[in-house]
Visitor: 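Before anything else, here's the structure in question.
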There are 2 protein chains.
Amino acid sequence: MNPAAANIEEAILSAILAGRIAPGTRLGEQKLADLFGVSRTRVREAMMRLETRGVVQVSARRGWYVVEPSAEEAREAFQTRRVIETGLLQTVREVPPRVLASLKKHVAMERQVIEAGDVSSRACLLGDFHIHLADALGNRLLTEIIRDLTARTTLISMLYQPTEKAEESSHDHEGIVAAMEAGDLAEAARLMDEHIGKVEAGLDLTARPDPLAGLRELLTPAAFAGNTPSVPHAHSHSHSPSLRKED
Amino acid sequence: MNPAAANIEEAILSAILAGRIAPGTRLGEQKLADLFGVSRTRVREAMMRLETRGVVQVSARRGWYVVEPSAEEAREAFQTRRVIETGLLQTVREVPPRVLASLKKHVAMERQVIEAGDVSSRACLLGDFHIHLADALGNRLLTEIIRDLTARTTLISMLYQPTEKAEESSHDHEGIVAAMEAGDLAEAARLMDEHIGKVEAGLDLTARPDPLAGLRELLTPAAFAGNTPSVPHAHSHSHSPSLRKED
DNA sequence: GCTTGCAAGCTTGTATACAAGTTTGTGGGC
DNA sequence: GCCCACAAACTTGTATACAAGCTTGCAAGC
């Protein structure tokens with residue numbers, strides 16, 4: 001594949017996985033072309049590839065936008081992840097020691113980063129656990145699929161403001177690895193199902209994704225000074241179910 | 001999405017699923033452009049999308065080719081299908097009657113087509129069962145993934161000359177649906193795993209995909225007159241493991 | 001007769017120009 | 001003061017021209 005185009009694609013995807021690009025972000029062709037030092041042609045190529053991967057969308061003659069999955073699409077993404085990840089664990093007969101060691105190392109890294117309070121790389125690592133798992137137990141094809149799905153769920157999480165429970169997620173991961181080590185893959189699958197269920201349940205899928213995300217930030221710049229990385233206090237109006245998109 | 005480009009993409013994919021396009025087929029941009037009455041730009045767009053879906057590949061300045069999965073890639077594709085399809089069956093709690101009815105109808109159609117000896121639509125229907133299942137039990141996202149995977153395995157089957165056992169496959173499908181009807185999803189999953197295993201085992205993955213496919217046909221055009229749709233007799237030389245790609 | 005080098009033609013790769021449509025800012029009318 | 005219409009700027013959509021490279025056929029040399 002084209003090195004430059006592949007770079008753009010990869011750069012954007014990994015930025016999404018790292019939570020550095022929010023859903024709904026506009027990705028102008030010319031802007032990206034300047035940024036990467038290539039022509040619009042290559043940018044378009046990368047964007048179209050990302051579109052088939054379900055990561056960006058084009059709005060005719062308006063531009064490319066990072067997808068903002070609907071509640072329905074969010075449910076689909078989580079169901080799909082549940083199906084594939086539990087399926088993977090249940091299909092595998094035994095876990096090689098090398099894989100176990102590598103997974104344990106990953107979980108340890110998670111804990112470390114969480115304790116250090118590094119918010120930005122935290123989300124990335126938590127998602128990476130699943131990609132790592134697919135890579136270790138499955139194959140490249142499976143990994144690619146999981147990676148795209150993880151990008152989706154990462155965007156969904158950003159969109160539906162989850163009650164972030166990084167420690168709990170990491171703890172879940174630990175439990176899954178423990179079950180794998182014990183050779184109880186069925187239990188590992190059950191825990192995985194539960195884990196994904198928890199993440200999904202932590203979202204407020206009844207609330208529509210607010211098109212005004214970031215507005216609160218603009219209105220209260222002081223909050224950015226040095227506050228704790230806890231969940232920002234949502235204002236009451238953002239919970240009103242009567243708010244329509246046209247507002 | 002672009003209607004014309006989407007059509008090209010869809011046309012090629014469904015042609016592959018129907019077995020009407022063989023692996024390794026060259027897809028010239030200009031040829032396709034003329035065929036569909038569009039410009040090369042649109043064709044390229046469709047091809048790049050199909051490339052990210054793993055259906056075609058580009059060889060620099062030589063052209064686009066329908067993929068010819070290696071033995072390794074074939075194994076990956078089957079593993080991935082096993083993971084997802086058994087995962088789907090095991091994730092589902094209960095099967096709605098409407099779904100059961102629809103699946104039964106599909107299996108009945110399979111039997112009918114097989115008895116009628118319609119070879120071309122037979123392979124299509126057998127693959128369609130899995131797509132149909134994903135659609136009925138899963139969601140659009142899952143269906144899309146399974147569809148792409150089915151396209152892959154269809155190409156793999158063409159490439160590695162399986163011992164085609166259409167009746168057996170259809171019978172397997174029937175068994176899976178029966179287990180679903182009995183409410184035993186775990187058994188259904190087990191049968192699905194077994195079924196996919198059988199299809200994979202029916203292939204000769206030790207034989208490299210012969211780059212001379214179709215050569216035998218050219219040498220023996222008489223065989224095309226009106227022979228039975230049974231498996232063509234493979235010549236002994238095609239089994240020689242010492243044949244290298246450079247031959 | 002066989003091999004090797006060259007050239008012509010064909011195919012994709014890439015950029016660019018222009019067309020078509022959307023957004024936004026401005027000015028006039030009410 | 002508010003609303004509406006128009007125009008200018010900006011963005012993507014599409015085609016086309018040209019560049020770069022591969023394949024193949026031909027001819028010359030051995």
Side-chain angles (χ1 to χ4, degrees), chain A residues 1-12 21-68 211-215 218 244-247, chain B residues 1-12 21-68 210-215 218 245-247:
Chain A
M1 199 187 301
N2 199 308
N7 279 349
I8 300 174
E9 205 180 334
E10 180 55 30
I12 290 177
I21 298 184
T25 302
R26 181 167 181 279
L27 301 170
E29 290 185 5
Q30 192 59 57
K31 208 167 260 180
L32 289 175
D34 296 343
L35 192 63
F36 285 92
V38 298
S39 78
R40 266 184 59 213
T41 307
R42 315 281 276 277
V43 173
R44 275 182 74 76
E45 187 178 323
M47 295 315 259
M48 285 187 305
R49 290 195 138 104
L50 286 174
E51 191 183 31
T52 73
R53 294 172 76 174
V55 172
V56 305
Q57 258 180 333
V58 65
S59 176
R61 275 171 231 278
R62 279 176 16 91
W64 297 86
Y65 293 85
V66 177
V67 293
E68 297 183 278
L212 305 168
L215 184 58
L218 273 164
R244 294 188 317 277
K245 191 141 197 172
E246 292 74 19
D247 290 348
Chain B
M1 199 187 301
N2 198 310
N7 279 348
I8 299 174
E9 205 180 333
E10 180 55 30
I12 290 177
I21 298 183
T25 302
R26 182 168 180 280
L27 300 170
E29 290 185 5
Q30 192 58 58
K31 209 168 261 180
L32 289 175
D34 295 343
L35 192 64
F36 286 92
V38 299
S39 79
R40 267 183 60 213
T41 308
R42 315 280 276 278
V43 173
R44 275 182 74 76
E45 186 178 324
M47 294 318 255
M48 286 188 304
R49 291 195 139 104
L50 285 175
E51 191 182 31
T52 71
R53 295 172 75 173
V55 172
V56 305
Q57 257 181 331
V58 66
S59 176
R61 277 170 230 276
R62 281 178 13 93
W64 297 86
Y65 294 85
V66 177
V67 293
E68 297 183 279
D210 61 357
L212 306 169
L215 185 58
L218 273 165
K245 193 141 196 173
E246 293 75 19
D247 289 347

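The structure presented is a predicted model; accordingly, all values stated were derived computationally and were not measured. Letters A, B, ... mirror the listed sequences (proteins, then strands); counts begin at 1.
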Visitor: D:dT11 P sits how many Å from A:R44 CZ, rounded?
Guide: 14 Å
Visitor: Return the value, rounded to whole Å, for the distance between atom CE of B:M47 and atom C1' of C:dT12.
Guide: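 Atom-to-atom, B:M47 to C:dT12, this comes out as 12 Å.
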Visitor: How long is the line joining CD of A:E29 and P of C:dG21, in whole Å?
Guide: 17 Å
Visitor: Given atom CG of A:L27 and atom C1' of D:dT12, what is their separation to the nearest angstrom?
Guide: 14 Å
Visitor: A:V67: which residues meet the side-chain contact (heavy atoms from CB on, under 4.5 Å) condition with it, sequence neighbours left out?
Guide: A:Q57, A:P69, A:L155
Visitor: Whole angstroms only, please: what is the CG-P distance between B:D34 and C:dT11?
Guide: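 For the pair B:D34 CG and C:dT11 P, the rounded distance is 10 Å.
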Visitor: At their closest point, which heavy atom of A:M47 faces which heavy atom of A:V56, and how far apart are they?
Guide: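 Closest heavy-atom pair between A:M47 and A:V56: O-CG2, 3.5 Å.
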Visitor: With sequence neighbours left out, write down each residue that passes side-chain hydrogen bond (donor to acceptor under 3.5 Å, both in side chains) with A:Q30, or none if nothing qualifies.
Guide: A:D34
Visitor: In chain order, what residues pass the salt bridge (charged side-chain N to carboxylate O under 4.0 Å, His left out) check against B:R53, with sequence neighbours excluded?
Guide: B:E9, B:D148
Visitor: For A:R62, what residues pass the side-chain hydrogen bond (donor to acceptor under 3.5 Å, both in side chains) criterion, not counting sequence neighbours?
Guide: A:S59, A:Y65
Visitor: What does the B/S/- profile of nucleotides 15-25 of chain D look like, 5' to 3', with a 4.0 Å heavy-atom cutoff to protein?
Guide: BB--BBSSS--
Visitor: Sequence neighbours left out, what passes side-chain contact (heavy atoms from CB on, under 4.5 Å) with B:T41? Give chain and number order.
Guide: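 Scan of B:T41 (side-chain contact (heavy atoms from CB on, under 4.5 Å), adjacent residues dropped) gives B:S39.
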